[in-house]
Amino acid sequence: MVLFSSLSKNIIKCVLVSFFLFGVLIKVCPDEQNVLYVYSYDSFSDQWGLGKIATQLFSDAPIKIISVGDTIDMLYHAKSFGKKDRQRPDIVFGIANITIPLARDLGFLQRLSSGIAYPVFREGITVVDNIMVPYDFGYIAIVYDSKYIKNPPTDFEDLTSDRFKKKLVLIDPRTSGPGLAFLYWTIAVYGNAFTEYWKRLSSSIMTMPDSWSTAYGLFTAGETPMVLSYTTSPIYHQVFEKENRYKVALFPEGHYRYVEYVAIPTIAAHKHLAEQFIKFILSKDFQKKILLGNVMYPAVKDIPLPSMAHQGMPMKALELDYTDIAQHKDTWIRDWLSVMSERR
Amino acid sequence: MDQRLVVCYERETVKTTRYLWLSLVVFGLAFFYLPLITHIVRGLHPSTIRMVIREGYLSVLLYSLFQALISTIWACILGIPAAYIMMHHAFPARRVLQVATILPFVMPVILMVLGVVLIWGNNGIVNRLRALIFPYSHTISFLYRFSAIVIIHGLYNFGIIARLLVIGQSHIDKRQYEIGRLLGAKNWYLFRTVTLPQLFSALLLGASLVFLFCFTSFGVIMVLGGSPRYATLEVSLFYALKSFIQEDLAHGIASLQYVSVFFIWFLFLRKRLFHMPESMHSPIPIQRRTISFFQKTFLLGYYFILIILLVLPLVAIVVFSFKTKWEGSFLLPLGVSLIVGLGSASFSLCMGIFVYIAQLWQSKKVASFLSQFVLLPLFASPLVISMSYRGLFHYIGGQGKSLLLVIVVHGLLSLPFVFSILSYEFRAQVPCLIDAGRSLGGSVGKVFFTIILPLSKKGIIIAGVFALALSLGELNAALLLTPSRFPSIPVAIYRLIARYRIYQAAQMGIVLLLLAAILVYAIDTIAQRKTKL
């Protein structure tokens with residue numbers, strides 16, 4: 001039998017102890033009773049996000065917020081949990097209307113109790129399948145920096161003109177909710193000819209990062225004068241930064257409506273608490289905080305809004321049918337990718 | 001296999017030990033490599049191949065090859081003068097240039113990208129100065145285009161070319177020059193007939209490695225690429241995995257990349273890769289020469305380009321890091337990175353030593369098979385390996401994100417390099433000591449553990465530090481597999497850059513730069529020490 005030197009024995013001992021310690025360290029996670037696990041996208045848990053407000057105001061139980069990337073990331077991540085996972089989601093917060101077909105396909109959300117009394121929502125906004133409850137909405141738009149752009153784009157075709165060459169940051173629709181919403185917006189306006197429009201638009205695009213956070217970060221850092229965002233984005237800068245230079249370019253074709261929903265997964269450990277949380281989200285106290293907390297409009301009707309909230313309200317709201325999205329989404333993305341991958 | 005350690009006679013106990021080691025190693029390798037092999041095979045299914053071709057990924061492959069070629073040429077343009085300077089001149093900043101050549105091995109590319117954006121971004125320092133001095137001039141903009149990708153790749157990888165050329169030149173027998181001069185040959189003739197052919201092999205090795213790194217590039221393309229137009233196969237794979245749209249497509253892309261990398265390795269690197277450890281071990285020799293005016297001008301010009309493109313971005317990171325208050329937010333990523341790094345280094349060192357020991361008792365064919373088998377992870381990018389392990393976790397239950405997974409994946413990624421460094425070190429031990437041990441009745445294993453292993457401390461430490469450095473700077477796999485609550489430093493930097501929290505990203509970058517500097521210093525210092533007997 002091979003004899004080991006004392007050096008080799010010590011090396012092996014150290015390695016075994018290290019692996020044991022790694023295992024202990026990785027597994028350390030106390031089991032928490034009656035904690036509501038809320039899964040959402042990244043900006044939800046930012047210091048000015050809705051997560052902080054919810055944590056402060058919701059008194060029925062402590063909340064633990066887990067943020068995972070963008071809205072599409074969040075859906076897949078929330079779906080991947082099993083009943084044995086300690087930190088499985090009780091609430092999935094931030095399902096976008098454009099991902100409703102995906103949420104339906106994944107089939108991991110449960111119907112809510114019939115006893116929940118919903119408030120009156122704004123026109124065109126409803127509970128979906130008695131599973132997904134709307135809490136806020138906004139409109140996709142091009143936001144520009146008036147310090148660098150004196151004459152903003154007036155419509156979709158103007159956005160493709162030479163004066164905006166390499167000045168626009170969009171977001172990849174494969175990985176981002178707002179990015180996908182912009183793709184659907186072009187389909188709502190141009191129909192099957194949307195690929196031709198993207199060919200004309202490509203010269204205006206500076207870059208297409210994979211998330212809204214990156215795109216907006218580029219914009220606020222001054223790397224680009226125009227970015228895809230929401231009609232309500234300038235409100236944040238006016239209120240918190242006292243900055244009026246960021247403005248919205250309103251298009252006569254209309255703007256794509258982006259509605260966000262909250263739902264409860266089938267594997268939720270605390271369904272009753274989760275439903276209390278949904279009632280809390282729909283309460284007037286929380287809905288009043290949405291404009292400045294999430295920079296979107298509250299979904300519940302008759303919530304008073306400051307006058308500045310109306311300046312970015314478009315004349316026409318556009319939205320594709322969910323059945324069309326479910327049937328054609330893959331084809332649309334494939335066609336879009338084919339156009340954007342062309343090397344000119 | 002080292003013939004000096006071949007057992008001249010076999011007893012039953014030695015046979016048992018031999019088969020035991022072999023089965024342990026084969027089982028270990030198969031266990032860790034099986035997920036990767038399974039996913040690659042799945043991606044080679046005819047229907048998947050048809051899907052990949054139909055979706056247009058052959059053109060992405062061609063673009064990836066083209067981009068890698070241009071980047072390699074640019075790296076050679078920067079690297080050959082650096083090698084010339086290091087070979088022939090002693091000057092105060094030579095040590096700095098020497099450190100710059102090892103940066104690709106220890107510094108994550110995301111740091112380089114951050115520095116370039118700070119200096120050359122549309123709202124970077126250069127453009128702000130331009131707007132101040134020439135208010136009506138156009139923005140200097142080369143980021144978010146093909147040119148940015150090529151420039152960053154060249155800057156990041158030129159050190160590989162330079163270092164390998166210098167080591168290659170140091171191995172040329174100087175007596176050939178003396179004999180040539182005695183016979184009346186001029187310098188140019190000697191360069192053409194003696195130096196160039198021998199340097200060409202080193203240049204080809206360096207260029208092949210750079211080509212491979214650029215082909216599988218990820219971080220640079222993600223931040224500076226601009227659009228799907230500039231996506232390489234690695235980036236396309238990332239999007240396919242992240243969007244979960246078509247898992248089969250992701251397997252197809254992964255297999256396409258794996259096969260491409262295998263061909264590149266087979267054509268250019270197969271026989272040359274095991275010479276790479278010498279570049280980690282050998283000190284860089286110089287030959288002092290008097291510098292002419294033309295050479296001084298060339299030196300200054302070259303340094304100016306390096307300062308503008310390489311040094312300034314790194315300085316910008318340091319300066320920007322102090323523009324906001326230092327909080328303790330880097331402590332958790334630092335802890336995670338060190339735990340993962342040390343774990344993966346231990347893992348790959350243990351695997352490397354076990355595989356080498358198993359080779360000792362085997363026939364030449366089996367030993368050769370083992371040493372090639374260890375190289376399997378070399379052809380897979382970090383994303384491909386991560387994808388296969390994440391798939392395994394989904395199959396057995398779980399979210400496919402775990403620090404243990406990251407440790408295993410990083411360990412596998414560094415295993416080919418660690419194994420080649422260890423093999424070189426073990427084979428280099430003084431033969432007479434080994435012969436003495438064997439002649440005094442020591443078995444193969446006893447000689448290895450009591451003589452070879454302690455004498456190879458230098459190589460083991462270099463291999464371990466190299467594996468640690470690789471893990472510290474790795475982004476692709478960490479992005480996919482790290483739990484969101486426990487980001488490593490490169491993941492934290494990437495997320496901060498993604499939100500354009502530049503100052504906080506710069507602070508995290510400083511921490512990583514310091515770690516990289518310590519590791520660079522450690523590798524260089526240990527390499528220059530002579531082994532004490």
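Residue numbering restarts at 1 for every chain, and letters A, B, ... go by the order of the sequence lines.
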Here the gap from A:Thr214 atom OG1 to B:Met222 atom CE, rounded to the nearest 0.5 Å, amounts to 8.0 Å

Could you tell me which non-hydrogen atom of A:Ser202 sits nearest to which non-hydrogen atom of B:Arg229, and how far apart they are? CB-NH2, 3.8 Å

For A:Leu337 and B:Pro228, work out which heavy atoms get closest and say how close. CD1-CB, 3.8 Å

Kindly compute the distance separating OH (B:Tyr230) from CE (A:Met208), expressed to the nearest 0.5 Å. 13.5 Å

As an exercise, state the distance from OG1 of A:Thr207 to CZ of B:Arg145, rounded to the nearest 0.5 Å. 11.0 Å

Could you tell me the separation between the CG atom of B:Asn122 and the OH atom of A:Tyr148, rounded to the nearest 0.5 Å? 10.0 Å

Can B:Tyr144 and A:Val169 be said to form a side chain to side chain contact (heavy atoms under 4.5 Å, CB included), step by step? CA-CA 11 Å; B:Tyr144 315 111; A:Val169 170; over 6 Å; no

